[in-house]
Engineer: 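One structure, pasted below without further comment.
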Amino acid sequence: MTRPYEPHDIEEKWQSVWDAEGLYSVTEDPGKPKKYVLEMFPYPSGDIHMGHVRNYSIGDVIARYSTMCGMNVLHPTGWDSFGLPAENAAIKSNTHPAAWTYANIEKQAASFRRMGFSYDWDRRLASSDEEYYRWGQWIFIKFWERGLVERKSSPVNWCPDCKTVLANEQVIGEGVCWRCKSTVVKRELEQWYFKITEYAQELLDDLDELPGWPERVKAMQANWIGRSEGAEVEFTLCGADGEPTDERITVFTTRPDTLFGCTFFLLAPEHPLVHELVHGTEYAPAVIEVVEKAAKETAIDRSSTEKEKVGAFTGRFVVNPVNGEKVPVWVADYVLMEYGTGAVMAVPCGDQRDFEFARTYGLPIPPVVVTEDDPLYEQLRDQPERLVTDVDWEIAHADEGIMVQSGPFTGTPTGKGGEGVRKVIAWLEERGQGRASINFRLRDWLISRQRYWGNPIPAIHCPVCGLVPVPEDQLPVVLPMDVDVTKGETLADHPEFYTTICPVCGGPARRETDTMDTFTCSSWYYLRYCDARNDSAIWEKEKADYWMPVDQYIGGIEHAILHLLYSRFFTKVFRDLGIVDFAEPFTNLLTQGMVKLDGFTMSKSRGNVVPPDEMIERYGADALRAYILFMAPPDKDLEWSQEGLEGMHRFLGRAWRYVAEVVEEPGTGPEGADDDSTKTLRRERHRVVGKVEGDIERFQFNTALSAMMELLNAATDHRRLVKSELRDAVLEREVAETLVLLLAPYVPHMAEELWREVLGHEESVHRVSWPTWDSDAAAAEEVEVAVQVNGKVRARLVVDANASEDVVREAALALPKVAEYIAGKSVRKVVFVPGKLVSIVAN
RNA sequence: GCCCGGGUGGCGGAACAGGCAGACGCGUCGGUCUCAAAAACCGAUGAUGGAAACAUCGUGAGGGUUCAAGUCCCUCCCCGGGCACCA
């Protein structure tokens, strides 16, 4: 009697055997093509969840399949183990963040083992390990040496719940913290930055070099970087007496061609000039009111487009460089200090916001761009001087048209990037009053955090020498373990940590007590895996050059901007430091969808979590792995349902039984039998191998599994319907072995048990080559073609697969059903698609 | 407002380059085995009409191109996501 499929009897056993055999340890082998398969490393938040199961199952199938295809596969794992949740958990359970973190790492490592993931455990790392974070500090020093580190004061995002500042990328949705979802507030603070903006253009341009990335992710990054082409224009400031001074204020505009329509000038409430301009004047009270109101508002209120725009006149004027006109300077709450220069030339006819502001405060709106269908067109087309000072428009419009009331430029066709823009920029450049310019939305990356559980920033504040980097030979700055976060302590509460001496002058100094953003840790871990145990260098260049870039990276869409942008930035800096030879870290990216229950992302707070361990308990890791891949294509969100898992378990049981039966009771028929059932089975074997291969390469794991089910269906039908004396034992065994090989990347334990114990092979199934297939052998000898009359299928016809068009056409026309439908009509046209259909047009 | 996705049976999904819509699985219904149930196995399963053969309809809506449209084009609706007083 066939032994039943019992996942628990085999899964643990093979996990131990694989470990003992070192099955997944790899080294550089120049003789083989390499493949680096990587899933985003987890945060050790507790037990693994279904999202992890999905993410790592996808990676594991790709890694195992690639190995079977003869590649030298690097497939490592580790933990992104610094970060705030550890502190919160420590406070809650009255323990130390390290204790919580490392306990969770062990728990997750055990779960990964139970899932049977093919990791090279020798390369395991955790970003909170001293051997790891010391190199993060080394990177900080190298960045500093290259001028990419800056400490400056500016308005920053502060999360009141996390009690720390955040990078712009970490403020998501409607101005909330990416981690705790609290509303973020602005604070003026001195902080540490990485100058990612120096790489803005390259980060944008190189998106074109990433054909293996989803368009969606590239669009999101391009959006985030936000490049605008335009010009800087200098306006001369007038003094309190109304006469021009030597001082100029620069604005950025994408539409310098509309300068003749500039009738007022705006400053952001935070602009440093504001107080100076109004100090002691009659305008001060109104202006200060606007400034204070803006400061009080949250980012969300402030950025609401619905809101009435508020402003106040400063009493001062600036000179418009193109026409020498003096225009009033206002303070307006809709002007952002963070973007451009914090000062704006207002062109009410062309910009909707300026238009609304002008209407509110009764400022003139002279049109400067008109189209032919505009009622003003005839009147203004040749009009260089300002004649019309207001419009009856409902909304601003100056997208495209000809320039009017624009002095020497009148009549020039214009629009974004058009002729008028180029001409005005050239004119400004000649006079030294402006220049072509590009502005990015991307801001420098704020990397300092006022939290304990992170990588200490290796910097020293010396009262004499200023900011001094910790010398390389004094690294690492070790994170002390005796900080008690349950009492709200940070490094700033520990004098024994921060009291130090200046490495330059030797005088008393204070160590920096902020730690680095955890995203600095995750921006280079993929490189460290190439040489994870190196204690004398961050990595050996030859090793990084062998393995990198990552050939296939897999992770959640939530990192589309954050981690993926930062890692691209780090890699470009590493290239400039000469420690790698490439500019992009991840050649191909797969962003997997979320696993949901009842329409919501599984989360502890919602209480809709399905624990993977329970599923493993019931159906085994293999069924869970295969099922989560079978449910949906990897990039789509999926709705968890348990019934389907039982179905997968059933399928595996059927496959198990089939293989066992083929071994125990092989057919006794002649080799090379050529009855229809045998031929069909032989053909299916080839077709399905080809199908599974193509599907895995296109990440269609669900249809690959469907194809395996089809092969099993064909195989069991054959066994059931064809007598033993007629069944070819060689073919049956070949089908059974093929099925096991196809299943191996998905259900590694079951495949191994069948391969070694049932089919009797010595070697691991995971070291066997992927089965070959032949497209001729996969092709049917006879095909059924559909016969259409006037676009509707009216009959079917079985013909020889390579029958000529004439033969098939005649056969189709001779069908009684066809004759019936074309009776009394004449055949106008016959379309023949080989192997598919014949389409007859008759009227 | 701008930029991406997406909308197919009761459900998850398939249809890769315009060629038979609904593969594969779940569920449901019927059957075999059983004292019974579970498991396993066999069969049916888009809708409507019909005993059946078969016919008609059918991929968010409406138009179009084509012998042929889930797939291409136009107009629009809905859902999800990103960006957004960005000058």
Side-chain angles (χ1 to χ4, degrees), chain A residues 4 172-173 214-228 230 251-256 258 266 268 302-307 309 332-336 338-347 350-354 356-357 439-441 557-558 560-561 593-594 627 630-633 635-648 650-651 653-654 657 691 694-695 697-698 700 702-710 712-713 716 720 784-796 817 827-843:
Chain A
I172 57 167
E215 282 309 317
R216 178 157 69 130
V217 174
K218 289 192 277 187
M220 282 165 78
Q221 290 209 357
N223 226 334
W224 185 260
I225 295 167
R227 182 182 194 271
S228 290
V251 298
F252 172 77
T253 176
T254 55
R255 293 301 299 274
T258 61
L266 301 169
R302 178 106 184 256
S303 66
S304 165
T305 38
E306 320 281 284
K307 204 181 62 109
K309 290 159 183 36
D333 63 349
Y334 68 94
V335 178
L336 306 175
E338 303 92 82
Y339 186 79
T341 62
V344 170
M345 61 176 237
V347 181
D351 183 284
Q352 185 58 24
R353 296 156 298 172
D354 298 342
E356 287 167 22
F357 192 84
N439 216 321
F440 291 94
R441 212 192 64 96
I557 186 72
E558 67 273 18
I561 294 168
M594 286 185 289
Y627 176 56
F630 181 64
M631 288 183 87
D635 54 331
K636 286 178 97 178
D637 286 355
L638 67 77
E639 173 70 27
W640 177 260
S641 96
Q642 193 167 313
E643 291 75 41
L645 181 54
E646 286 164 27
M648 181 55 67
R650 251 193 313 263
F651 163 67
R654 290 209 304 135
R657 229 176 303 129
K691 168 82 176 150
D695 281 352
E697 273 157 24
R698 286 181 301 129
Q700 303 229 348
N702 53 337
T703 51
L705 277 160
S706 306
M708 291 180 227
M709 290 170 181
E710 284 169 350
L712 180 63
N713 289 346
T716 50
R720 183 164 52 88
E784 190 185 70
V785 298
V787 182
Q788 294 184 344
V789 179
N790 290 336
K792 286 199 161 130
V793 178
R794 296 300 183 183
R796 285 161 205 289
K817 199 80 195 172
V827 174
R828 299 285 171 205
K829 191 173 173 184
V830 178
V831 179
F832 174 64
V833 183
K836 300 270 187 190
L837 57 69
V838 177
S839 179
I840 296 160
V841 188
N843 59 13

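Note on naming: letters A, B, ... go to the chains in the order of the sequence lines (proteins, then strands), and numbering restarts at 1 for each one.
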Engineer: Could you tell me how far B:U65 sits from B:G27 if I compare only their P atoms? Round to whole Å.
Structural biologist: 46 Å
Engineer: Write down the distance separating the C1' atoms in B:U71 and B:U66, rounded off to the nearest Å.
Structural biologist: 13 Å
Engineer: Assert yes or no for the condition that the ring centre distance of A:Tyr627 to A:Trp640 is strictly below 6.0 Å.
Structural biologist: yes
Engineer: In whole angstroms, how far is the P atom of B:G13 from the CG atom of A:Asn702?
Structural biologist: 9 Å
Engineer: Compare the minimum distances between each of B:A87, B:C3, B:C16 and the side chain of A:Thr254, then state the nucleotide with the smallest one.
Structural biologist: B:A87
Engineer: Distance alone, cut at 3.5 Å: any donor-acceptor contact between the side chains of A:Asp695 and A:Thr703?
Structural biologist: yes
Engineer: Any strand counts, and the cut-off is 3.5 Å on both contacts for Watson-Crick or G-U wobble. Which nucleotide pairs with B:G80?
Structural biologist: B:C4
Engineer: Heavy atoms only: give me the nearest A:Tyr339-A:Ser228 pair and the separation to one decimal.
Structural biologist: OH-OG, 3.3 Å
Engineer: Distance between the P atoms of B:G5 and B:C73, in whole angstroms?
Structural biologist: 13 Å
Engineer: Hey, is B:G9 sitting syn or anti, using the within-90° cutoff around 0?
Structural biologist: syn
Engineer: Considering every strand shown, what is the Watson-Crick or G-U wobble mate of B:A68 when both distances are under 3.5 Å?
Structural biologist: none
Engineer: Which one is paired to B:C86, where only Watson-Crick or G-U wobble pairs with both distances under 3.5 angstrom count?
Structural biologist: none
Engineer: Do you know the tightest heavy-atom contact between A:Asn713 and A:Arg654?
Structural biologist: OD1-NH2, 2.6 Å
Engineer: Over how many whole Å does the gap from A:Gln221 atom CD to B:C3 atom C1' extend?
Structural biologist: 14 Å
Engineer: Find the distance A:Arg720:CZ to B:A40:C1' and express it as a whole number of Å.
Structural biologist: 13 Å
Engineer: Indicate, with a heavy-atom threshold strictly under 4.0 Å, whether A:Asn439 touches base, sugar-phosphate, or nothing.
Structural biologist: nothing
Engineer: Mind checking the P distance from B:C85 to B:C76? Whole angstroms is fine.
Structural biologist: 27 Å
Engineer: Produce the list of close N/O pairs, under 3.5 Å, pairing protein atoms with atoms of nucleotides 24-27 of chain B; give distances to one decimal.
Structural biologist:
| residue | atom | partner | partner atom | Å |
| --- | --- | --- | --- | --- |
| B:G25 | OP1 | A:Asn713 | ND2 | 3.4 |
| B:C26 | OP1 | A:Arg650 | NE | 3.2 |
| B:C26 | OP1 | A:Arg650 | NH2 | 2.8 |
| B:G27 | OP2 | A:Arg650 | NH2 | 3.2 |

Engineer: Within 45° of the ring axis of A:Phe357 and under 6.0 Å from its six-membered ring centre, is that where the NZ or CZ of A:Lys309 lies?
Structural biologist: no
Engineer: For A:Thr341 and for A:Glu784, locate the closest nucleotide of RNA chain B by heavy-atom distance; then report the residue assigned to the nucleotide nearer the 5' terminus.
Structural biologist: A:Glu784
Engineer: Do you know the tightest heavy-atom contact between A:Leu266 and A:Ala332?
Structural biologist: CD2-CB, 3.8 Å
Engineer: Using the C1' atom on both, measure B:G12 against B:C86 and round to a whole Å.
Structural biologist: 42 Å
Engineer: Write down the partner of B:C11 under the Watson-Crick or G-U wobble criteria, each distance required to be under 3.5 Å.
Structural biologist: B:G25
Engineer: Could you grab the distance from atom CE of A:Met709 to atom OG1 of A:Thr716, nearest 0.5 Å is fine?
Structural biologist: 12.5 Å
Engineer: In whole angstrom, give the distance that lies between atom OH of A:Tyr334 and atom P of B:C85.
Structural biologist: 13 Å
Engineer: Does the side chain of A:Asn843 come within less than 4.5 Å of A:Arg828's, by heavy atoms?
Structural biologist: yes
Engineer: Check A:Glu356 with A:Arg353, please: is the shortest side-chain N to carboxylate O separation under 4.0 Å?
Structural biologist: no
Engineer: Nearest-nucleotide wise, let me know which of A:Ala632 and A:Lys836 is further upstream toward the 5' end of RNA chain B.
Structural biologist: A:Ala632
Engineer: How close do A:Met345 and A:Thr258 get, counting heavy atoms only, and between which atoms?
Structural biologist: CE-OG1, 3.8 Å
Engineer: Figure out the CG/C1' separation between A:Leu638 and B:C11, and round it to whole Å.
Structural biologist: 14 Å
Engineer: Report yes if at least one side-chain N or O of A:Lys792 is closer than 4.0 Å to OP1 or OP2 of B:C57; otherwise report no.
Structural biologist: yes
Engineer: Using the P atoms only, state how far B:A15 lies from B:G19, rounded to an integer number of Å.
Structural biologist: 12 Å
Engineer: Find the partner of B:U75: check Watson-Crick (N1-N3 plus N6-O4 or O6-N4) and G-U wobble (N1-O2, O6-N3) distances, both under 3.5 Å, and reply none if neither fits.
Structural biologist: B:A61
Engineer: Which way is the base of B:A17 turned, syn or anti, if we draw the line at 90° from 0?
Structural biologist: syn
Engineer: In the structure shown, which nucleotide is the Watson-Crick or G-U wobble counterpart of B:A36, with both distances under 3.5 Å?
Structural biologist: none
Engineer: Does B:A47 have a Watson-Crick or wobble partner in any strand here, with both distances under 3.5 angstrom, and which is it?
Structural biologist: B:U56
Engineer: First locate atom CD of A:Gln788, then atom NZ of A:Lys836, and finally report the distance between them rounded to the nearest 0.5 Å.
Structural biologist: 12.5 Å
Engineer: Does A:Arg353 have a side-chain nitrogen or oxygen under 4.0 Å from the phosphate oxygens OP1 or OP2 of B:C86?
Structural biologist: yes
Engineer: Base, sugar-phosphate or nothing for A:Arg698? Non-hydrogen atoms, less than 4.0 Å.
Structural biologist: base
Engineer: Distance check needed: B:C11 P versus A:Lys636 NZ, whole Å only.
Structural biologist: 14 Å
Engineer: In this structure, how many angstroms lie between the P atom of B:G81 and the CD1 atom of A:Ile557, rounded?
Structural biologist: 12 Å
Engineer: Yes or no on side chain to side chain contact (heavy atoms under 4.5 Å, CB included) for A:Val841 and A:Asn790, after CA distance, side-chain angles and deciding distance?
Structural biologist: CA-CA 5 Å; A:Val841 188; A:Asn790 290 336; 3.8 Å; yes
Engineer: When the C1' atoms of B:A14 and B:U59 are considered, how many whole Å apart are they?
Structural biologist: 12 Å
Engineer: Output the rounded distance in Å from CZ (A:Phe357) to P (B:C85).
Structural biologist: 17 Å
Engineer: Assign A:Pro214 to base, sugar-phosphate, or nothing according to its heavy-atom contacts below 4.0 angstrom with the strands shown.
Structural biologist: nothing
Engineer: Might you list the N or O atoms of the protein lying below 3.5 Å from N or O atoms in nucleotides 64-68 of chain B, with each pair's distance?
Structural biologist:
| residue | atom | partner | partner atom | Å |
| --- | --- | --- | --- | --- |
| B:C67 | OP1 | A:Lys829 | NZ | 3.3 |
| B:C67 | O2 | A:Ser839 | OG | 2.8 |

Engineer: Out of B:C85, B:C16, B:C54, which has the shortest distance to the side chain of A:Lys309?
Structural biologist: B:C85
Engineer: Taking atom C1' in both B:C24 and B:G18, compute the distance separating them and give it to the nearest angstrom.
Structural biologist: 24 Å
